[in-house]
Every structure is written in structure tokens, then in C-alpha cells.
Amino acid sequence: MHITDVVVIGYRALSSFVSPLNAHLSVIVGNNEAGKSTLLEAINLALTGNIQGRNFRSELHPYHFNYEMVVGYFHKIRSGQTCSPPTILIEAYFHDDATPELSNLKGTNNSLSRNCPGLCLSVEPIREI
């Protein structure tokens, strides 16, 4: 089993990141503060639900949200526009090797609408009914 694709939206330095990963080796290259470590942290977060060894629910902090998205949200609110608050979406797609362990993780309910196994971590405010 290997991760074939990663989607990260609204998490720290990554406002929108979608990339395939190689089955054997993927090299992540970029300038300082470009989001290389953030990408690895996001993948780990989607797979384990933990950040720095602690449960993400108890560690959720405003700095986890992409700064530009937060600033844009408050700018729109101040100007009288109606908009949705920032959210975080992290998806890890797995190679579909038809193993029974992955069959329960298979479906099309993902941002790329792919029928494959995967995991998703989504952080969004509770919406009023």
C-alpha cells in the first residue's frame, strides 16, 4: 500500500496543494517556508490524527489555518460580504490494490471524486441549522 495523491487545502502554509506521489520515491523541493515540512505534517495528520505526538482535537489552534485565507475571510466580513469561514482539508489517496483492509476506505466521497481508498481530515466550524 502506498499513497498515490495528496490534497491539502487551508493548512498552515498550504492554501491549496494537490500532487501525485511516486510509489517508490517522491522528492519535495522548495524554498524556506514554502511548506515542505507542512506537507509531511499534513500527511501524518491525515494518517494518524496526531500532531507532534498529541491528538489533533486537543491541539487545534488558529495557527493551523492558512494565514492568507483567514485574513481574506475577515476582510470580506468587514466589507459586509457573506462568506464561509476558513476550513482545513487534508486527503491521502491510496493505491487500490483490492486488499480487504482497504475496501472499507474506498469510495468517491472526496474532493477529486475518485473511486479509490483514502483518508480525509476535515476541520470546519459547526454550521447553524
inquiry  = Assigning hydrophobic clusters by single linkage (Ile, Leu, Val, Met, Phe, Trp, Tyr; side-chain heavy-atom cutoff under 4.5 Å), is Phe94 placed with Val6?
reply    = yes
task = List, by chain and number, the other hydrophobic cluster members for Tyr67, where Ile, Leu, Val, Met, Phe, Trp and Tyr join if side-chain heavy atoms come within less than 4.5 Å, directly or indirectly.
result =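 Tyr67 shares its hydrophobic cluster with Val71.
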task = Would you name the heavy atoms of Ser84 and Tyr73 that are closest together and state the gap between them?
result = O-CD1, 3.4 Å
key: Partners passing side-chain contact (heavy atoms from CB on, under 4.5 Å) against Leu60 (at least two apart in sequence or in another chain)   = Phe56, His64, Phe65, Val123
key: Considering all heavy atoms, the nearest Thr87-Pro125 contact   =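 Where Thr87 meets Pro125 most closely, the heavy atoms are CG2-CD, 4.2 Å.
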inquiry  = Between Leu89 and Cys120, is there a side-chain heavy-atom distance shorter than 4.5 Å?
reply    = yes
inquiry  = Assigning hydrophobic clusters by single linkage (Ile, Leu, Val, Met, Phe, Trp, Tyr; side-chain heavy-atom cutoff under 4.5 Å), is Tyr93 placed with Leu39?
reply    =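 No; tracing contacts between hydrophobic side chains, which count when under 4.5 Å, never links both residues.
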Going by atom type alone, with no hydrogens or angles, which donor-acceptor pairs under 3.5 Å involve a side-chain atom of residues 11-29 and a protein atom two or more places apart or on another chain?
unit_1: Tyr11; atom_1: OH; unit_2: Glu41; atom_2: OE2; d: 2.4
unit_1: Arg12; atom_1: NH1; unit_2: Glu41; atom_2: OE1; d: 3.3
unit_1: Arg12; atom_1: NH1; unit_2: Glu41; atom_2: OE2; d: 2.8
unit_1: Asn22; atom_1: OD1; unit_2: His24; atom_2: N; d: 2.7
unit_1: Asn22; atom_1: OD1; unit_2: Leu25; atom_2: N; d: 3.3
unit_1: Ser26; atom_1: OG; unit_2: Asn22; atom_2: N; d: 2.8

inquiry  = Please give me the minimum heavy-atom distance between Ala42 and Ile90, naming the atom from each residue.
reply    =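 Closest heavy-atom pair between Ala42 and Ile90: O-CG2, 3.4 Å.
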ask   = Nearest heavy-atom pair of Asn31 and Lys36: which atoms, and what distance?
value = O-NZ, 2.9 Å
key: Main-chain N/O of Leu121 paired to Glu91 side chain as donor or acceptor, under 3.5 Å   = no
request  = Measure across Asp96 and Lys106 and return the closest heavy-atom pair with its distance rounded to 0.1 Å.
outcome  = OD2-NZ, 2.7 Å
task = Group every Ile, Leu, Val, Met, Phe, Trp and Tyr by side-chain heavy-atom contacts under 4.5 Å, then state whether Leu112 and Val8 land in the same group.
result =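 No, it is not one cluster - the side chains of Leu112 and Val8 are not joined through contacts under 4.5 Å.
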ask   = For Ile88 and Gly10, which heavy atoms make the closest approach, and how far apart are they?
value = CG1-O, 3.4 Å
ask   = Quick one: does Asn110's side chain have a donor or acceptor within less than 3.5 Å of a partner on Arg114's backbone?
value = yes
request  = Kindly say whether Gly53 contributes a backbone atom to a donor-acceptor pair with the side chain of Asn50 at under 3.5 angstrom?
outcome  =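 Flag not set: sc Asn50 to bb Gly53 has no pair under 3.5 Å.
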